[in-house]
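Working notes, structure below.
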Amino acid sequence: MEQMPTVPQGAAVPGALDIYDQLPAAYKGIDPHTRGRLASRLPSVVFIEVTNHCNLLCETCPRTFTTYEEPKMLSWENFLRITGQFPTMQRAVLHGIGEPLMNKELPRMIAHLKARNVTVLFNTNATLLTESWGRDLIASGLDELRCSVDGADPRTYALVRGVPAFHKVMKNLQAFTALQRELQAEKPRVSLWMTGMKENIAELPDLVRLAARIGVPEVYLQRMVYYLDGSAPPGMMAEGHALFDDFDSRTDRIIAEAEVMAQQVGVRLQASGATDPRHSLDRGKEERARPWAACMRPWTTAYVTANGNCLPCCISPFATTEYESLKMGNLFDQPFTQVWNAEKYQIWRETLLSDAPHTACAGCGVHWSL
């Protein structure tokens, strides 16, 4: 067995408490200072990939350039096989590498989880968000509908997302918020999500303005995830497009302008990972040194693909080309209780708390989508 650096059980982890109090309740209950190889409880947050099919060709998504797993639409029966193994689930995120609205069983899945009093959300590209889908999602009890846009200009959208569908997405979202008002439906909470890149960051103020115009109350900026271990990363999955390590006065001015715009038009501007846009992109050197050590996911969160594979988190496939190394086990082959504290998971947790984490963790940090 390869020798791994260790951190003693109960060792303090610098930075672990920085955002802990801001996290949703489902991510809490684990003392960040006493984490070790074993997880003391089953996950309360579960990411379930309801499909790995997609109708876009995003330049920032590995699915556009490679096939990690067999193409699969999660069936109702397999959905029940997955959810039945998480009795303590509080929060379900029904997306992975794929477009959730391509699975026609989605409203039924959401309703099943809501009957268990689980908070349910997912990300969508909104290209398929018809009136029929909108009515079904509202009736299902969905809590959050997060829409990935990545630009406020049709040309930028097409550059990043791979298809010229910007106007269709805006039309669909405006129609959906109008439907909510018509039905007096407070849920789902709708938000726009933009992956901040050098190519699109200047459009953040316009995206905030656009959100107000189509009736979307929240805009989120999230950092771009890119491969650290590929000699020639495909598409835009390379650091040359990212902002995190190249935060400058121009980016700072753009974010400040977007914040002012948000106040003026009544839109809430935030960043992924329970923080604000500026702190998401420009964190202090001390925190940058070991940002991965603050991550709570290997103790609180499970991610299950449409094929039943259990991965450490939904970010990992974007941060490394070594996909096989991410598989902790398969929930369809063995009970999740046997996967959760097996040796592979224990080693993953141990290295996360060290100075030499897995490449996927080293390229991530903690401030991501919750």
Side-chain angles (χ1 to χ4, degrees), residues 24 48 50-51 53-56 76 79 91-95 98-154 157 161 163-194 203-222 258 261-270 272 369-370:
I48 302 172
V50 297
T51 182
H53 292 270
C54 191
N55 60 338
L56 296 189
W76 171 250
F79 171 77
R91 187 178 179 90
V93 184
L94 302 183
H95 66 242
E99 169 50 47
L101 293 184
M102 296 186 76
N103 192 325
K104 298 185 184 302
E105 295 281 8
L106 185 60
R108 187 182 182 189
M109 294 172 174
I110 297 168
H112 174 80
L113 291 168
K114 292 308 301 177
R116 288 178 49 176
N117 200 31
V118 174
T119 298
V120 186
L121 61 139
F122 65 85
N123 280 36
T124 175
N125 59 44
T127 58
L128 304 176
L129 188 59
T130 61
E131 180 181 346
S132 176
W133 258 117
R135 290 183 181 276
D136 286 346
L137 292 178
I138 291 171
S140 73
L142 179 68
D143 293 285
E144 282 190 59
L145 183 66
R146 298 177 171 184
C147 304
S148 300
V149 179
D150 292 344
D153 184 284
Y157 179 94
R161 309 294 286 179
V163 297
F166 179 79
H167 293 297
K168 180 179 183 179
V169 169
M170 293 301 110
K171 180 181 178 181
N172 289 350
L173 288 173
Q174 188 166 23
F176 181 76
T177 58
L179 178 63
Q180 282 189 296
R181 292 192 295 273
E182 175 190 328
L183 299 178
Q184 298 183 331
E186 295 183 1
K187 295 192 302 183
R189 197 173 87 232
V190 185
S191 55
L192 300 184
W193 288 67
M194 174 178 170
E203 297 174 22
L204 182 61
D206 286 338
L207 187 63
V208 170
R209 186 185 297 110
L210 182 60
R213 190 164 77 237
I214 64 175
V216 174
E218 296 181 332
V219 172
Y220 285 78
L221 177 69
Q222 64 184 81
M261 177 61 64
Q263 291 181 340
Q264 291 176 347
V265 299
V267 168
R268 188 180 180 193
L269 177 61
Q270 298 186 95
S272 57
S369 167
L370 298 177

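Keep in mind it's a predicted model, so treat the numbers as computed, not measured. No hydrogens, no waters, no symmetry mates; every other heavy atom, side chains included, goes into these values.
The side chain to side chain donor-acceptor pair (under 3.5 Å) test applied to Thr127 returns Asn55, Asn125, not counting sequence neighbours. Applying the ring pair (Phe, Tyr, Trp, His ring centres under 6.0 Å) criterion to Phe79, with sequence neighbours excluded, gives Trp76, His112. Tyr220 is linked by a side chain to side chain donor-acceptor pair (under 3.5 Å) to Gln270, counting only residues two or more places apart in sequence or in another chain. For the side chain to side chain donor-acceptor pair (under 3.5 Å) test, residues two or more places apart in sequence or in another chain that qualify with Lys187 are Asp143. In this structure, Ser148 has no side chain to side chain donor-acceptor pair (under 3.5 Å) partners at least two apart in sequence or on a different chain. For Glu218, the salt bridge (charged side-chain N to carboxylate O under 4.0 Å, His left out) partners two or more places apart in sequence, or in a different chain, are Arg189, Arg268. For Val265, the side chain to side chain contact (heavy atoms under 4.5 Å, CB included) partners are Val208, Ala212, Met261, Val267, not counting sequence neighbours.
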Let's go through Val219 and Met194 carefully: what are the C-alpha distance in whole Å and the side-chain angles of both, what is the deciding distance for side chain to side chain contact (heavy atoms under 4.5 Å, CB included) to 0.1 Å, and is it a yes or a no? CA-CA 8 Å; Val219 172; Met194 174 178 170; 5.5 Å; no
Could you go through the side chain to side chain contact (heavy atoms under 4.5 Å, CB included) check for Cys147 and Leu173 one step at a time? CA-CA 9 Å; Cys147 304; Leu173 288 173; 3.2 Å; yes
Quick one, Leu137 with Leu101, criterion side chain to side chain contact (heavy atoms under 4.5 Å, CB included). Give me CA distance, side-chain angles, the key distance, then yes/no. CA-CA 10 Å; Leu137 292 178; Leu101 293 184; 4.2 Å; yes
One pair to check against side chain to side chain contact (heavy atoms under 4.5 Å, CB included): Leu129 and Thr124. What are the steps and the verdict? CA-CA 9 Å; Leu129 188 59; Thr124 175; 5.8 Å; no
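Looking only at distances, a side-chain donor or acceptor of Glu203 sits under 3.5 Å from a matching main-chain atom of Ala152. At distances below 3.5 Å, at least one donor-acceptor pair connects side-chain atoms of Asn103 with backbone N or O atoms of Val50.
Pairing each heavy atom of Val190 with each of Val216, the nearest pair is O-CG1, 3.6 Å. Closest approach of Tyr157 and Leu56 over heavy atoms only: OH-CD1, 3.9 Å. Minimum heavy-atom separation, Gly141 to Ile110: C-CG2, 4.4 Å. Residues Met102 and Leu128 share a closest heavy-atom pair of CG-CD1, 3.7 Å.
The CG atom of Leu121 sits 9.5 Å away from the CG atom of Leu145 when rounded to the nearest 0.5 Å. Ile138 CD1 to Phe176 CZ: the interatomic distance, rounded to the nearest 0.5 Å, is 4.5 Å. In this structure, CD1 on Ile48 lies 6.0 Å from CG on Leu113, to the nearest 0.5 angstrom. From Asn172, atom CG reaches atom CG of Leu179 across 12.0 Å, with rounding to the nearest 0.5 Å.
Listed by first and then second residue, the ring-ring contact (aromatic ring centres under 6.0 Å, His included) pairs that reach into residues 120-145 come to none, sequence neighbours excluded. Pairs of residues two or more places apart, or lying in two chains, that qualify as side chain to side chain donor-acceptor pair (under 3.5 Å) and include a residue from residues 205-215 are Asp206-Arg209. Annotation: salt bridge (charged side-chain N to carboxylate O under 4.0 Å, His left out) contacts involving residues 115-134, sequence neighbours excluded, comprise Glu131-Arg135. Listed by first then second residue, pairs satisfying salt bridge (charged side-chain N to carboxylate O under 4.0 Å, His left out) with a partner in residues 165-178 number zero, not counting sequence neighbours. Every pair tested for side chain to side chain donor-acceptor pair (under 3.5 Å) that includes a residue from residues 174-185 fails, sequence neighbours excluded, so the list is empty.
Side-chain contact of Thr51 with Glu99: a donor-acceptor pair under 3.5 Å is absent, judged by distance alone.
Inter-residue side-chain proximity for Pro100 and Leu106 is flagged as met; some heavy-atom pair is nearer than 4.5 Å. Between Gln263 and Leu269, every side-chain heavy-atom pair lies at or beyond the 4.5 Å cut-off.
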